[in-house]
Amino acid sequence: MMASNDLVIKTESLTKRYGDILAVNDLSLEVPRGHVFGLLGPNGSGKTTTMGMLLGLVRPSAGRFSLFGGRKPHREALTRTGAIVEFPSFYPHLTGRDNLAFFQEISGNGDSVELDTLLEKVGLDGRGKDRFQTYSLGMKQRLGLAYVLLGDPDLLILDEPTNGMDPDGMAEVRELIRSLGDGERTVLLSSHLLHEVEQVCDSVAILSHGRLVVQGRVDELVRSLAGETILLRTTDNAKAIEILSKLNWVTDLNSKGESILVSAPTLRSSELSEVLSRSAVYVAEMTLGHVSLEEYYFKITDDANGDTA
């Protein structure tokens, strides 16, 4: 467990119930300083509700949480926090820059010189004088990112920040978010895009039905599963699956494009080749420990749902 002064967000048995619906159930998280931390899970897993509780928008039913080690009152801690939960509301008849100027004035965050820098940072430097109502959904998301950066906050809480963007825009914003998490600033990012989380986040918490399934560094979580996987491409994948499914030390088999993902100890990889060759099935390519965050996610959530069932 980390020292409290190294944690920007800490929750302890955080719970939110809406009548008979348990939206967040006994959630304990630790988000380190200087990390891009991903909240990953399907719709209804409790991601947005968790963010709402951290921001004081939703009252917890039980448990507790703290920001910045809890050394200051929650209201004061929020002055160091920028957030997008759901979608920020802007004035359609105002320009992008004027919207930022309005929110900057009422919040007292930053100065007018900062606005042009922020618009450039999020890729709207050529559209800052256009009315918000003319913006595409992707441009609106970019303006939302500029809004949360007003005043250069220490913590950013972002709910699906690339929603509605084209692939080029998503790549640019991913790079921006990655850079925002360098140094002392911390980013809490909610996303259902597994590829995005793997590219951007240092650490991740996977939620399912309001409960925490697992949390940790992305590279360590993937490595924990990768040590048990072997990627094969054979001369007859269908026959290979039939043969390998009969081995008691092969725990799972999945087709992956033109290859087979085999859940088995990598130390026994040579035995796979030997077993297949006896039936005239030959290995054309073999990669040890090949797994993505997407594969880890589906493996870990399937196991969790099985335990629940």
(Q) Any heavy-atom pair between the side chains of Val8 and Arg33 that's under 4.5 Å? (A) yes
Q. Closest approach of Asp152 and Glu114, non-hydrogen atoms and distance?
A. N-OE2, 3.9 Å
(Q) Has Ser66 got a side-chain atom pairing as donor or acceptor with Gly69's backbone, closer than 3.5 angstrom? (A) no
Q.
Contact between Leu272 and Leu247 at the side-chain level, heavy atoms closer than 4.5 Å - yes or no?
A. yes
Q. Which pairs pass salt bridge (Lys or Arg N to Asp or Glu O under 4.0 Å) with one or both residues in residues 51-68, sequence neighbours excluded?
A. Glu12-Arg64
Q.
Please check this pair: side chain of Lys47 against backbone of Leu207, looking for a donor-acceptor N/O pair closer than 3.5 Å.
A. no
Q | Distance (rounded to the nearest 0.5 Å) between Asn99 CG and His93 NE2 | A | 8.0 Å
Q: Mark yes or no for whether Arg97, through its side chain, and Lys129, through its backbone, hold a donor-acceptor pair below 3.5 Å.
A: no
Q: For residues 153-162, pull every pair meeting side-chain hydrogen bond (donor to acceptor under 3.5 Å, both in side chains), keeping only residues two or more places apart or in separate chains.
A: Thr48-Asp159, Arg80-Asp154, Asp159-Ser190, Glu160-His192, Thr162-Glu196
Q) Would the number of heavy atoms belonging to other residues, nucleotides or ligands and lying under 6.0 Å from CD1 of Ile21 be above 12? A) no
Q) If every non-hydrogen atom of Pro265 is compared with every non-hydrogen atom of Ile230, which pair is closest and at what distance? A) O-CD1, 3.8 Å
Q | Tyr135: ring pair (Phe, Tyr, Trp, His ring centres under 6.0 Å) partners, not counting sequence neighbours | A | Phe132
Q. Below 4.5 Å, heavy atoms only, C-beta onward: do Arg127 and Thr134 meet side chain to side chain?
A. yes
Q: Please round to the nearest 0.5 Å and tell me the distance separating atom CG of Asp236 and atom CD1 of Ile241.
A: 9.5 Å
Q) Any side-chain heavy-atom pair from Thr50 and Phe65 closer than 4.5 angstrom? A) no
Q: Please tell me if the side chains of Arg178 and Gln199 come closer than 4.5 Å, counting only heavy atoms from C-beta onward.
A: no
Q: Please assess Leu143 against Val122 for the test side-chain contact (heavy atoms from CB on, under 4.5 Å), listing each intermediate value before the final yes or no.
A: CA-CA 7 Å; Leu143 190 66; Val122 301; over 6 Å; no
Q) Under 3.5 Å, side chain of Ser259 to main-chain N/O of Leu231, donor-acceptor pair present? A) no
Q) Do any N or O atoms from the side chain of Thr186 and from the backbone of Leu155 form a donor-acceptor pair under 3.5 angstrom? A) no
Q) Would you call Leu189 and Cys201 a side-chain contact if the rule is heavy atoms closer than 4.5 Å? A) yes
(Q) Strictly distance-based, threshold 3.5 Å: is any side-chain N or O of Ser191 a donor or acceptor partner for the main-chain N or O of Leu193? (A) yes
Q. Among all residues two or more places apart in sequence or in another chain, which pass the side chain to side chain contact (heavy atoms under 4.5 Å, CB included) test with Leu55?
A. Leu57, Leu78, Thr81, Ala83, Val85, Ile157
Q.
A side-chain contact here means heavy atoms from C-beta on lying under 4.5 Å apart; do Leu149 and Leu180 qualify?
A. yes
Q. So, for Gly34 and Asp202, which heavy atoms are closest and what is the spacing to 0.1 Å?
A. O-OD2, 4.2 Å
Q: Compare every heavy atom of Val24 with every heavy atom of Leu14, then report the nearest pair and how far apart it is.
A: O-CG1, 3.4 Å
Q. Rounded to the nearest 0.5 Å, how far does CD of Glu172 lie from CD1 of Ile177?
A. 12.0 Å
Q.
If we ignore hydrogens and angles and just use 3.5 Å, is the side chain of Thr15 paired with the main-chain N or O of Gly63 as donor and acceptor?
A. no
Q: Might you work through the side-chain contact (heavy atoms from CB on, under 4.5 Å) test for Leu188 and Leu54, ending with a clear yes or no?
A: CA-CA 11 Å; Leu188 178 65; Leu54 294 175; 3.7 Å; yes
(Q) Whether Arg131 and Asp98 form a salt bridge (side-chain N of Lys/Arg under 4.0 Å from carboxylate O of Asp/Glu) is what I want to check. (A) no
Q: Taking Gln141 for its side chain and Pro161 for its backbone only, find out whether a donor-acceptor pair lies under 3.5 Å.
A: yes
Q.
Using 0.5 Å steps for rounding, measure from the CD1 atom of Ile84 to the CG atom of Leu145.
A. 4.5 Å
Q.
Let me confirm one number: the CG-CG distance from Leu39 to Leu158, rounded to the nearest 0.5 Å.
A. 11.0 Å
Q. Under 3.5 Å, is there a donor-acceptor pair between the side chain of Thr11 and the main chain of Leu27?
A. yes
Q: Would you confirm whether Asp26, through its side chain, and Arg211, through its main-chain N or O, come within 3.5 Å as a donor-acceptor pair?
A: no
**Q.** Single-linkage hydrophobic cluster, 4.5 Å side-chain cutoff, Leu94 and Leu118 together
**A.** yes
Q) How about Tyr282 and Leu276: do any of their side-chain heavy atoms sit closer than 4.5 Å? A) no
Q. Is there a side-chain contact (heavy atoms from CB on, under 4.5 Å) between Leu176 and Lys121 once you walk through the steps?
A. CA-CA 8 Å; Leu176 171 60; Lys121 180 174 287 189; 3.5 Å; yes
Q | Glu175 atom CD: more than 12 heavy-atom contacts under 6.0 Å | A | no
(Q) If you apply the rule side-chain contact (heavy atoms from CB on, under 4.5 Å), what do you find for Tyr18 with Thr49, and how did you get there? (A) CA-CA 11 Å; Tyr18 295 99; Thr49 301; 4.0 Å; yes
Q) What closest approach, in Å, do Val213 and Ser208 show between heavy atoms, and which atom pair accounts for it? A) CG2-CB, 3.6 Å
Q | Partner residues of Asp125 under the salt bridge (Lys or Arg N to Asp or Glu O under 4.0 Å) criterion, sequence neighbours left out | A | none
(Q) Can you list everything that forms a side chain to side chain contact (heavy atoms under 4.5 Å, CB included) with Ser273? Sequence neighbours excluded, please. (A) Val283, Met286
Q.
Testing the basics here: between Lys140 and Phe90, what is the closest heavy-atom pair and its distance to 0.1 Å?
A. O-CE1, 4.4 Å
Q: To the nearest 0.5 angstrom, please state how far the CG atom of Leu253 sits from the CD1 atom of Ile243.
A: 11.0 Å
